[in-house]
Enquirer: 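Got a structure for you, questions after.
Here is how names work: the chains are called A, B, and so on, in the same order as the sequence lines, proteins then strands, and each is numbered from 1. Values below: all heavy atoms of this structure, side chains included; hydrogens, waters and symmetry mates excluded.
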Amino acid sequence: MEIAKAYDPTQAEEHHYARWEASGFFAPEINQDPNAEPFSIVIPPPNVTGTLHMGHALQHTLMDVLTRWKRMLGYRTLFMVGVDHAGISTQLMVTRQLKKDEHKTPQDIGREAFTEKIWEWKNKYGGEITRQIRREGLSVDWTRERFTMEENLSRAVREVFVRLYDEGWIYRGTRIVNWCPRDKTVLSDLEVKEEKAKDGKLYYLKYPILEREKGGTGDGEANPQSAIRGPQSSITVATTRPETMLGDTAVAVNPEDERYNGLIGKTIALPLTGREIPIIADEYVESEFGTGAVKITPAHDVNDWEIGERHGLEKLVVMNDDATMNAASGKDFAGLDRFEARAKVVEEFEKLGLLEKVEDYDITLPHCERCKTIIEPLLSEQWFVKMDEMRDMALKLMREENLPHFFPEVPHKKVYTTWLENLRDWTISRQLWWGHQIPAWYDAEGNVHVARTKEEAVEKAGTDNLTQDPDVLDTWFSSALWPFSTLGWTGGAERENGRKVVGESESRGTSPESQTGARGSDDKDLGTRDSGTRDLDKFYPTNVLVTGRDIIFLWVSRMVMTGMKFIGEKPFDDVIIHGTVLDKNGQRMSKTKNNGIDPLAVFEKFGVDATRMALAGSATGVDFAWRDERVESYRNFSNKIWNATRFALMNSDGASVLSEPRAVATGSSAIAEKTRGNPVATARGSDLADRWITSRLNKTAKAVNRALETYQFHEAVQLLYHFFWDDFCDWYIELKKDEITAGDIESSSLILTLLEQALRLLHPFMPFLTEELWQILPGVSNGLHNASYASAERTIMLTAFPIGDDSLIDERAETEMQSVIELITKVRNIRAEMNIKSGDPLSIHVAGSVAMQAIFAANEAQIKKLARADKIVLAELLNVPKASARAVLIGNAEIAVPLEGLIDFEMERARLQGQIEKLKIELERLTGQLSNTNFVEKAPVEKVDELRNRQSELVSQVATLNQNLEALN
RNA sequence: GCCGACUUAGCUCAGUGGUAGAGCACUCGCUUCACACGCGAUAGGUCACAAGUUCGAAUCUUGUAGUCGGCACCA
């Protein structure tokens, strides 16, 4: 059989995925072993609006490698796939579309029509990301594909909301929140990104102090002051947001601050407003900062809000939800944008002579993560989750069981723990239309009724005159449930199999809001809650989560908390935090910088498998700059695999993959011990190359499994790359070439068998190429499958993953082969350095021990071929003419290549001199070390012996080379 | 301000208390019948800097510098 000369990835990428999927290979049900251990992994659901980027490609590759590997080992694997509705992004995207197509706003068409549009949009374009996931070759179970907005997952969301509300862990409250004036919604702290302001300024504003007596300033501590006339007739405050002064309701100073002692309780005539506000004392104020006097705007600043609470200050809202000034700001300002208002306030102060100074000031400002608009702290009524108890569950899990286990552990374990320790309540309502609408209804009196369905709310309220809360939940609220909601949980009881339910709260809700409604006290089962599902039982907790470090707080921590709370068990054991793919200059990829690299373009150029290798080949958790050259080298590797197979197939007449793979390695899995048979002495028990490659294969298999067990993907990639290219192609195939091309069927079968094993090892990383080649190997069948998949249609993805067999590791063969390799390499070196044309004949004289002679004698044909020699003379002592090039081998052997008429003595002298120099450097260091009595006494004996042996080896090699050198004179 | 990571060959990165590694690039040679996306042979590094621990440090400790990241504050 003959195949194309170069590998074309597109073919392989088109051939197999559909069949894998249609044949049910991805579904856990393909596993026919009822006792198979489960392995499950959930995809971090990409945004439904999203397209694939390198971060996805990286994490997807790692997950798929693990899944395919475990599947081949015989686990019942589930790689759960789905997408996230991504509230804000999706709504923004469709809003833009609407504006472009119909010049309308969502408000123009109304909530129902708008959400309808989003669903349409989702159905039309939402498949892009899933098409791309297929393109990547992910072995996800599409029959279980989930979407966060689908009915069952929405039921889970409502269930969780109601239960948390009933326990008082969800409440409604009025707070200063992060408000995005452009998206017009509240955001959680995690959706706010701090960025340095370009031209931050600190404005010093003078507030005139009223000299007349005035009582009842609202500050309880204030005495009615008699008109003490001090030198000061104004107090200066510093602010970065002058426009908020329109909402000031006090000025605060530190009670210990002597400068202002006498002013506490006095009244300020607040410029531009006609209002009078008090000077109050509060510990919060740091005397050293600014002027030591702080303007207090309780409705527009978090800290001011707290001071306002302490002092009973009025909370004057002066802004609208689009960050324009409202009527309360005064008619001169109403309607102005916040930044226009800022300029105008400053201008007015200047006119009044009240602008003391303006300083440049470095400041970071909160921005909306999505639209980059500057966040405005705004007073607003929202829904919150009280996090302390769930937080404690997660902390306990970490403290007592060290779970989840982060890879790499440093720094993520600490960062995660510290973040949890400082966790604050979570703002979960969003002023959007796309998302899970909050399951709370209000009656005519404004009482709130939280329920799973409107019917339940009606029952609780005793009226059907109810209005549902218009807000939706933070997208991350539903993502937090992903590991169990996708497995079918819609509200069953906590797990009872062994693990005790953690943190079930005894106390019911105590927040004021939770008591406002005439809530039904019984959690009635409306028949919508099943008590867990088989998937949940089988696959929860999942084994490992793979994600980026940017969502450890947003997502990972919340899954842990909800998992502990609602299932009573951790959602996963291990969390792999992969690195960030940077551009070639080491910069983060971003849309604004337009330096993103499109994975699809890379697939197109180098193939999916090569891309997967390049991604998996990066160290776990470490950021790395993208280099096309890296992928290119794996593209070349793909071609290497292709051509090695091509060679095997060109010479495969009558040969086939051996059905007893233990001829070369064990194909059994950790689970399928049953496939163990007697190790067949390799087909050529006496052949060094066969014993050597068998040993290398088994060592590699063991090492690859070990690497994957600890998520050292790059280690596995390196092992496979070097085994295949260096050991298998450069040496084994070359050594066996003559036999194989001569039609030795036994050798051909053996090489096919080895190749088949190598393809299996490579399959988790390079699924398309390996399947494409595996299918055309003679003799493959589902007989090579892991026993769990015995009856499935034949595919490499269900073969048994080689785990390696100690009994087939042959250190002696490896040592002997090293000698052969060294001999060939030294001769090649002589040829290259002495400028001997590759076509010119050459004979090799080798002097060495009887044992070494035997090794070389047994492999004479191969050595002659690879060294391009026509003769080998083996003896105990060299007997060659002076005109020879010489070298030494490990094991006190030496070689010479007679070069009558070819040799340039000067050149040979230089060559020998060079070799001597190199050895001498090492020898000197060793001798120095060994003459250090401290070393000899304190270092381990084996180490000392090792160095001594090496030393004597070097001594004799140097001596030999010196003799050779002198002989030339 | 607090916490953390990183600094190794020209580039991108592995690695490790005991002789410093890979890929790519570079140099030299090769139309050797699987592969020029290839084969063969070289060259290239005070492992950021300083001090300490140790028989021995690129590896452990501390400090310094640079790069990057997270968190907090920001009147």
Side-chain angles (χ1 to χ4, degrees), chain A residues 2-3 5-7 194 200 202-205 237-241 244 251-252 284-286 289-297 301 303-304 361-365 408 410-412 414-415 418-419 422 549-550 552-553 580 582 584 586 588 606 610 614 617-619 621-630 632-651 714-715 718 721-722 729-730 733-734 737 741 824-825 828-833 835-839 865-866 868 921-922 925-926 929 932-940 943-944 946-947 950 954:
Chain A
E2 189 140 6
I3 60 176
K5 196 169 172 182
Y7 173 51
E194 296 285 338
L202 192 57
Y203 302 86
Y204 289 77
L205 306 179
V237 296
T239 181
T240 55
R241 296 191 297 152
T244 62
V251 167
Y284 164 78
V285 180
E286 286 172 38
F289 193 95
T291 62
V294 187
K295 59 187 278 306
I296 303 299
T297 321
D301 183 276
N303 293 304
D304 291 7
Y361 185 65
D362 282 339
I363 188 172
T364 56
L365 293 175
V410 177
H412 302 301
K414 187 174 167 186
V415 170
T418 309
W419 182 79
N422 298 299
R549 65 175 79 87
D550 52 334
I552 294 176
F553 306 148
T580 308
L582 307 170
K584 64 179 192 298
R588 295 178 90 92
F606 300 113
S618 66
V622 180
D623 294 355
F624 60 99
W626 182 262
R627 299 255 116 193
D628 263 7
E629 293 88 337
R630 261 178 73 84
E632 194 179 352
S633 77
Y634 288 111
R635 188 273 314 260
N636 296 350
F637 182 55
S638 307
N639 194 52
K640 192 73 180 172
I641 297 167
W642 177 266
N643 273 289
T645 308
R646 179 165 180 260
F647 172 76
L649 291 175
M650 282 168 76
N651 299 287
H714 63 291
E715 176 74 15
Q718 291 305 310
Y721 185 94
H722 289 113
C729 292
D730 284 352
I733 290 181
E734 294 303 330
K737 203 171 244 178
T741 50
I824 294 169
T825 304
R828 284 170 171 173
N829 174 273
I830 288 170
R831 190 186 278 281
E833 299 205 341
N835 295 325
I836 304 166
K837 287 206 166 58
S838 64
K865 166 145 173 106
L866 297 193
R868 308 192 135 256
I921 290 169
E922 193 188 341
R925 193 182 43 241
L926 275 181
Q929 203 170 349
N932 179 346
T933 48
N934 269 328
F935 171 72
V936 179
E937 280 166 22
K938 296 190 183 176
K943 181 48 71 181
V944 177
E946 184 189 321
L947 295 195
R950 179 67 184 148
L954 286 170

Enquirer: Under 4.0 angstrom, heavy atoms only, what part of the nucleic acid is Glu946(A) near: base, sugar-phosphate, or nothing?
Expert: nothing
Enquirer: Taking N and O atoms by type only, does the side chain of Arg635(A) place a donor or acceptor under 3.5 Å from a partner on the base of C37(B)?
Expert: yes
Enquirer: Identify each atom pair where a protein N or O and an N or O of nucleotides 20-27 of chain B are less than 3.5 Å apart, giving names and distance.
Expert:
unit_1	atom_1	unit_2	atom_2	d
G23(B)	O2'	Ser633(A)	OG	3.1

Enquirer: Sequence neighbours left out, what passes ring pair (Phe, Tyr, Trp, His ring centres under 6.0 Å) with Trp626(A)? Give chain and number order.
Expert: none
Enquirer: So, is Lys414(A) close to the G4(B) phosphate, meaning a side-chain N or O under 4.0 Å from OP1 or OP2?
Expert: yes
Enquirer: For Leu582(A) and C6(B), what is the distance between atoms CG and C1' respectively, to the nearest whole Å?
Expert: 12 Å
Enquirer: Which ranges of RNA chain B pair up as stems, where a stem means three or more consecutive Watson-Crick or G-U pairs with both distances under 3.5 Å?
Expert: B:1-7 with B:65-71, B:10-13 with B:21-24, B:27-30 with B:38-41, B:48-52 with B:60-64
Enquirer: Identify all pairs in which a protein N or O lies below 3.5 Å from an N or O of nucleotides 66-74 of chain B, and state each distance.
Expert:
unit_1	atom_1	unit_2	atom_2	d
G70(B)	OP1	Lys193(A)	NZ	3.2
C73(B)	N4	Thr364(A)	OG1	3.1
C74(B)	OP1	Tyr284(A)	OH	2.9
C74(B)	OP1	Asn303(A)	ND2	2.5
C74(B)	OP2	Asn303(A)	ND2	3.3
C74(B)	O2'	Tyr361(A)	OH	2.7
C74(B)	N3	Thr364(A)	O	3.4
C74(B)	N3	Thr364(A)	OG1	2.8
C74(B)	N4	Glu194(A)	OE1	2.9
C74(B)	N4	Thr364(A)	OG1	3.2

Enquirer: Under the 3.5 Å rule, do the base of C35(B) and the side chain of Lys640(A) count as making a donor-acceptor pair?
Expert: yes
Enquirer: For Lys943(A) and C55(B), is the shortest distance between a side-chain N/O and OP1 or OP2 below 4.0 Å?
Expert: no
Enquirer: Let me know the distance between CG of Leu954(A) and P of U19(B), rounded to the nearest Å.
Expert: 13 Å
Enquirer: Please name all residues satisfying side chain to side chain contact (heavy atoms under 4.5 Å, CB included) with Glu946(A), sequence neighbours left out, ordered by chain then number.
Expert: Lys943(A)
Enquirer: If the sugar-phosphate is the primed atoms plus P, OP1 and OP2 and the base is the rest, what is the B/S/- string for nucleotides 41-46 of chain B, using protein heavy atoms under 4.0 Å?
Expert: SSS---
Enquirer: With a cut-off of less than 4.0 Å, is there a side-chain N or O of Lys737(A) near OP1 or OP2 of A34(B)?
Expert: yes
Enquirer: Looking at Arg549(A) and Asp623(A), is any side-chain nitrogen of the basic one under 4.0 Å from a carboxylate oxygen of the acidic one?
Expert: yes
